Protein chains: 2
Amino acid sequence: MENKYFSELPGEEVLYDLADLFKVFGDSTRLRIMTALSQSELSVMQIAEALGMEQSTISHQLRVLRQNKLVRARRDGKQMYYSLDDDHVKKIIEMGLDHILE
Amino acid sequence: MENKYFSELPGEEVLYDLADLFKVFGDSTRLRIMTALSQSELSVMQIAEALGMEQSTISHQLRVLRQNKLVRARRDGKQMYYSLDDDHVKKIIEMGLDHILE
DNA sequence: TCATCAGATGAACAGTTATTCATATGTTCG
DNA sequence: CGAACATATGAATAACTGTTCATCTGATGA
């Protein structure tokens with residue numbers, strides 16, 4: 001097994017952190033935000049309109065994504081522009097798709 | 001972008017299924033079960049002892065994992081032996097670790 | 001400075017979920 | 001068959017989480 005981590009099992013505390021990370025991916029609103037951002041940087045209002053949801057909802061979820069370093073924010077005047085923070089995001093989503101699409 | 005899925009964004013229904021999948025990974029008990037099973041096939045009781053948790057708890061969570069095709073069960077006499085169902089499991093966990101371990 | 005717009009935040013509520021306890025199912029063996 | 005053991009399952013409970021509403025902060029430009 002050419003395995004990166006499992007030769008030595010991840011410790012228990014790491015698994016708690018990992019669960020927290022996957023919790024973030026385990027919500028469709030957040031997934032929709034992330035896939036929208038995989039296309040281009042967007043402001044909060046643009047995301048809200050794209051998803052047909054309230055600005056407040058999006059803002060709350062963006063905070064969760066930011067805290068988990070999955071998105072990054074940049075201010076431009078009155079708007080905040082969000083984008084994906086790193087490539088792991090796309091890769092994690094792709095792995096998940098691999099599983100459910102058999 | 002040499003991207004497998006994002007050239008065409010995943011549809012909304014797919015994202016709901018995907019969120020459900022990640023919800024399964026978003027619980028430390030289930031993650032601990034999966035990492036334990038990444039080492040070897042184990043019976044319900046063996047898992048319960050390894051994690052220091054009740055048989056019932058493990059059994060409930062194994063059902064969730066089974067329903068999501070993440071583990072597979074095999075009966076041998078009185079015991080049920082569980083193992084990981086496919087390689088995606090390890091890969092998804094590895095991707096997550098990549099993110100949190102920077 | 002003041003009105004306006006974009007975004008953030010806190011409290012409240014409803015819905016979901018993990019665990020426990022008690023019990024049921026199913027298998028083995030005497 | 002009946003006892004003993006392994007696992008599954010249902011109901012109950014406690015904790016958590018996503019959304020909404022109302023409000024606040026902060027930036028712009030007239």
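Atoms considered below: every heavy atom in the structure, side chains included; atoms not considered: hydrogens, waters and symmetry mates. Model, not experiment: these values are computed from the prediction. Order of the sequence lines fixes the chain letters, A, B, ..., with proteins taken first and strands second; residue numbering starts at 1 for each chain.
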Hey, is the main chain of [Y] close enough, under 3.5 Å, to the side chain of [X] for a donor-acceptor pair?
X	Y	value
A:Ser59	A:Ser56	no
B:His99	A:Asn68	yes
B:Arg30	B:Val24	yes
A:Thr35	A:Leu31	yes
A:Asp27	A:Thr29	yes
B:Arg74	B:Met80	no
A:Glu94	A:Lys91	no

request  = Figure out the CD/P separation between B:Gln79 and D:dC5, and round it to whole Å.
outcome  =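 Distance check: B:Gln79 CD to D:dC5 P gives 12 Å.
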
task = Rounded off to whole Å, could you give me the CG-to-P distance for the B:Leu42 and D:dA6 pair?
result =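 Rounded to the whole Å, the gap is 15 Å.
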
task = May I ask you to say what A:Tyr81 touches in the nucleic acid, namely base, sugar-phosphate or nothing, with a heavy-atom cut-off under 4.0 Å?
result =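 Result for A:Tyr81 = nothing.
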
request  = With DNA chain C as reference, determine whether B:Lys23 or A:Ala73 sits nearer its 5' end, using the nearest nucleotide of each.
outcome  =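 Counting from the 5' end, the first nearest nucleotide belongs to A:Ala73.
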
message = Salt bridge check, B:Asp20 against B:Lys23: does any charged N sit closer than 4.0 Å to a carboxylate O?
response =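 B:Asp20 and B:Lys23: salt-bridged.
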
key: Carboxylate-amine/guanidinium contact B:Asp85 B:Lys69, below 4.0 Å   =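 Salt bridge flag = no for B:Lys69 with B:Asp85.
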
query = For D:dT19, does either OP1 or OP2 sit under 4.0 Å from a side-chain N or O belonging to A:Gln61?
reply =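 Yes.
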
message = Is the phosphate of D:dA8 approached by B:Ser59 (side-chain N or O, under 4.0 Å from OP1 or OP2)?
response =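 Yes.
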
query = So do B:Glu12 and A:Arg32 actually touch side chain to side chain, heavy atoms under 4.5 Å?
reply =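 Yes - at least one pair of side-chain heavy atoms lies under 4.5 Å apart.
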
request  = Flag the pair A:Met95 / A:Ile92 as yes when at least one side-chain heavy-atom distance between them is below 4.5 Å, and no otherwise.
outcome  =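 They are not in contact (no side-chain heavy atoms under 4.5 Å apart), so the answer is no.
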
query = Which ones in residues 44-54 of chain A lie close to DNA chain C, meaning a heavy atom under 4.0 Å from one of its atoms?
reply =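 Under 4.0 Å from DNA chain C: A:Val44, A:Met45.
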
message = Under the criterion of centre distance below 5.5 Å and interplanar angle below 30°, is A:His60 classified as stacked on the base of D:dT19?
response =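 Ring-base stacking flag not set for A:His60 and D:dT19.
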
message = Quick check for you: name the first and last nucleotides of DNA chain C, 5' to 3', having an atom under 4.0 Å from a heavy atom of chain B.
response =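 Endpoints of the contacted stretch of DNA chain C: C:dT17 to C:dT28.
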
key: Letter per nucleotide, 5' to 3', of nucleotides 22-30 of chain D [B base touched, S only sugar-phosphate touched, - untouched; heavy atoms, 4.0 Å]   = B----SS--

